[in-house]
Enquirer: 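I have a structure here, written as structure tokens, and I will follow up with some questions on it.
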Amino acid sequence: MPLPFQPACLPLLLGALPHRSVAQALEVSRRAGGQLLTWPQLPQRSFREQALVQSVVGFPGLVVDAAQSQVYVDRAVAARDLTQLELAYLENDASFAALDADDAAGLAELLRQRDSLRGVLAVKGQLLGPISAAAQLIDEQQRPLIYDEALFEALAHHLYLRAAWQEQYLREVADATIICLDEPFLDVVGMPFLPLDWERVREQIEIVLAGVHGCRALYACGAVEWEQVLQTSVDMIIADVYAFGHALTSAAPALAALLERGGFVGLGLVPTDEEVLAHTTPEQLLRRAVALLGDLETAGVPSAQLARQAVVAPSGTLSQLSVPLAERALQLLGDVSRLMREHYRLS
């Protein structure tokens, strides 16, 4: 279900940060996210916190070779153990996909500090979505699981359980939760090397979203066909509008329908390119946002309504930046959020 409040251009982090200290990363997330708190993923701290590894760890037959920075599925072991996954899926046993503290240190730290959290309206978790996970996860023959129907389906069931487990975990911190599927590969749907049409893509996404009872979010970058994504049951989309605002404008009718049913839009306004980031100002980002919302209003999406039902986000991951540049991006995020709230007179 959607959030029980309008976010009104509050900042929202995507998740991954370049920090190695768990306590420092959570403090940065708390300071930058404020009322919408995202638990930090720390891929620089451990190979096991890489987005793919963290999302698929525990999948039957998975081999994690941190020394060689490799992760793959041993088909023989998977064939033997898939029954356990399918039984957990049928019984809705989310504990099957629980993460250890070593696999998600920021999540464990969030729960440890829950009594000190004040003013948090919602907490956000994230994992790779089924398309991007299956396109990257390979077997021992280097063949992506997206080409194997049985393993592709099983991976979606695994992610369903991981999403459900995250939501249960986060509800110990706050009543309102956001579970976001990160789908960086959606902009290549329909290309020859990705053997899926949008109907199949939506089916797999829906399998995972069915494990979420709070706010269902999806992040994607690039020139995504958002009108296709918006045919799913998502409550929130997060789009890279710094470089690809036109993709969102192209989906204006579907976006208007999302807002009418109480959904939300994440405006990925803050760039993550090092050179661009170093020279960007909050005022420049505000002008981009106002221009985009003006274009969307012309296309039939009321800008005042959109601003009330929007969050402001980075346009992509911050995990590959230096710590100082990542923290500059988060400062920009807070500043442009404040400017937008002032510009659209949001409380």
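Computed from a predicted model, the values in this text were never measured in an experiment. As a basis for the values below, the full set of heavy atoms in this structure was taken, side chains included, without hydrogen atoms, waters or symmetry mates.
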Enquirer: Before you tell me yes or no, could you show the steps for Q126 and L14 under side chain to side chain contact (heavy atoms under 4.5 Å, CB included), namely the whole-Å CA-CA distance, both residues' side-chain angles and the distance that decides it to 0.1 Å?
Expert: CA-CA 8 Å; Q126 54 279 324; L14 294 182; over 6 Å; no
Enquirer: Whether D148 and R75 form a salt bridge (side-chain N of Lys/Arg under 4.0 Å from carboxylate O of Asp/Glu) is what I want to check.
Expert: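 Salt bridge flag = yes for D148 with R75.
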Enquirer: Give a yes-or-no answer on whether the side chains of W39 and E109 include a donor-acceptor pair shorter than 3.5 Å.
Expert: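 Not at all, the side chains of W39 and E109 share no donor-acceptor pair under 3.5 Å.
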Enquirer: Compare every heavy atom of R162 with every heavy atom of V57, then report the nearest pair and how far apart it is.
Expert: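 That would be O-NH1, 2.8 Å.
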Enquirer: May I ask you to say whether E149 pairs ionically with R200, meaning some side-chain N is under 4.0 Å from a carboxylate O?
Expert: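 Salt bridge flag = yes for R200 with E149.
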Enquirer: How far does CG of L42 sit from CD of E49, to the nearest 0.5 angstrom?
Expert: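 The CG atom of L42 sits 4.5 Å away from the CD atom of E49.
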Enquirer: Quick check on the hydrophobic clustering: are V173 and L121 connected, directly or via other members, by side-chain heavy-atom contacts under 4.5 Å?
Expert: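 They do not share one cluster, since no chain of ILVMFWY contacts under 4.5 Å joins V173 to L121.
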Enquirer: Would you name the heavy atoms of L85 and A154 that are closest together and state the gap between them?
Expert: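 Answer, listing the atom of L85 first, then A154: CD2-O, 3.3 Å.
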Enquirer: Looking at D115, is its backbone amide N or carbonyl O close enough to the side chain of R118 to form a donor-acceptor pair, meaning the two atoms are under 3.5 Å apart?
Expert: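 Pair found, side chain donor or acceptor close to backbone of D115.
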Enquirer: Has E172 got more than 12 heavy atoms of other residues, nucleotides or ligands less than 6.0 Å from its CD?
Expert: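 Enclosed.
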Enquirer: Tell me whether the rings of F59 and H158 are parallel (<30°), tilted (30 to 60°) or perpendicular (>60°).
Expert: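 Ring orientation, 0 to 90° scale: perpendicular.
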Enquirer: List the atom of A247, the atom of G222, and the distance in Å for their closest heavy-atom pair.
Expert: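 So the two residues come closest at CB-O, 4.5 Å.
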Enquirer: So how far is it from I237 CD1 to R216 CZ, rounded to the nearest 0.5 Å?
Expert: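 The CD1 atom of I237 sits 16.0 Å away from the CZ atom of R216.
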Enquirer: Crowded around R345 CZ? As in, over 12 foreign heavy atoms under 6.0 Å?
Expert: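 Counting other residues, nucleotides and ligands, CZ of R345 stays at 12 neighbours or fewer.
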Enquirer: Any chance you could measure R328, atom CZ, to L333, atom CG, to the nearest 0.5 Å?
Expert: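 Spacing of CZ (R328) from CG (L333) equals 12.5 Å.
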Enquirer: Are the charged groups of R338 and E342 less than 4.0 angstrom apart, N to O?
Expert: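 Yes.
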Enquirer: Check the side chains of R288 and Q284 for a donor-acceptor pair under 3.5 angstrom, ignoring hydrogens and angles.
Expert: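 Q284 vs R288: no donor-acceptor pair found between side chains.
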Enquirer: Quick one, L145 with V73, criterion side chain to side chain contact (heavy atoms under 4.5 Å, CB included). Give me CA distance, side-chain angles, the key distance, then yes/no.
Expert: CA-CA 9 Å; L145 266 57; V73 172; 4.1 Å; yes
Enquirer: Can you establish whether the number of heavy atoms outside Y344 located under 6.0 Å from its atom OH is more than 12?
Expert: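 Result for OH/Y344: enclosed.
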Enquirer: What side-chain donor-acceptor pairs closer than 3.5 Å can you find for residues 248-256, not counting sequence neighbours?
Expert:
from : atom 1 : to   : atom 2 : distance (Å)
T249 : OG1    : G245 : O      : 3.2
S250 : OG     : H246 : O      : 2.9

Enquirer: Is it the case that more than 12 heavy atoms not belonging to D175 sit under 6.0 Å from its CG atom?
Expert: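 No, the 6.0 Å shell around CG holds no more than 12 heavy atoms from other groups.
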Enquirer: Would you mind telling me which of L128, D240, I131 makes a side chain to side chain contact (heavy atoms under 4.5 Å, CB included) with P184?
Expert: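 Going through the options one by one, the only one that passes is L128.
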Enquirer: In Å and rounded to the nearest 0.5 Å, what is the CD to OG distance from E297 to S303?
Expert: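 Interatomic distance, E297 CD to S303 OG, rounded to 0.5 Å: 3.5 Å.
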Enquirer: Whether the E27 and H19 side chains hold a donor-acceptor pair (N or O, under 3.5 Å, no angle test) is what I'd like checked.
Expert: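 E27 vs H19: no donor-acceptor pair found between side chains.
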Enquirer: When rounded to the nearest 0.5 angstrom, what is the spacing between CG in L52 and CG in L127?
Expert: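 L52 CG to L127 CG: 11.5 Å, rounded to 0.5 Å.
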Enquirer: Nearest heavy-atom pair of A98 and W165: which atoms, and what distance?
Expert: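 Nearest pair, atom of A98 first, then W165: CB-NE1, 3.4 Å.
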Enquirer: Do we see a donor-acceptor contact under 3.5 Å between the side chains of Q54 and Q50?
Expert: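 Their side chains do not contain a donor-acceptor pair, so the 3.5 Å distance test is not met.
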Enquirer: What closest approach, in Å, do Q168 and A94 show between heavy atoms, and which atom pair accounts for it?
Expert: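 The pair with the smallest heavy-atom distance is NE2-CB, 3.7 Å.
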Enquirer: Regarding E86 and H157, do their side chains bring together a donor and an acceptor under 3.5 Å, going by distance alone?
Expert: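 Side chains of E86 and H157: pair found under 3.5 Å.
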Enquirer: Are F264 and I179 linked, directly or through intermediate hydrophobic residues, by side-chain heavy-atom contacts shorter than 4.5 Å (ILVMFWY only)?
Expert: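 I179 does not cluster with F264.
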Enquirer: Quick one: CD on E274 to OG on S322, what's the gap to the nearest 0.5 Å?
Expert: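 It is 6.0 Å, given to the nearest 0.5 Å.
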Enquirer: Side chains of Q113 and R30: donor-acceptor distance under 3.5 Å anywhere?
Expert: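 Yes, a side-chain donor-acceptor pair sits under 3.5 Å.
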Enquirer: Distance only, no hydrogens: is a donor on one side chain within 3.5 Å (strictly under) of an acceptor on the other, for N92 and Y160?
Expert: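 Present: a donor and an acceptor within the cut-off.
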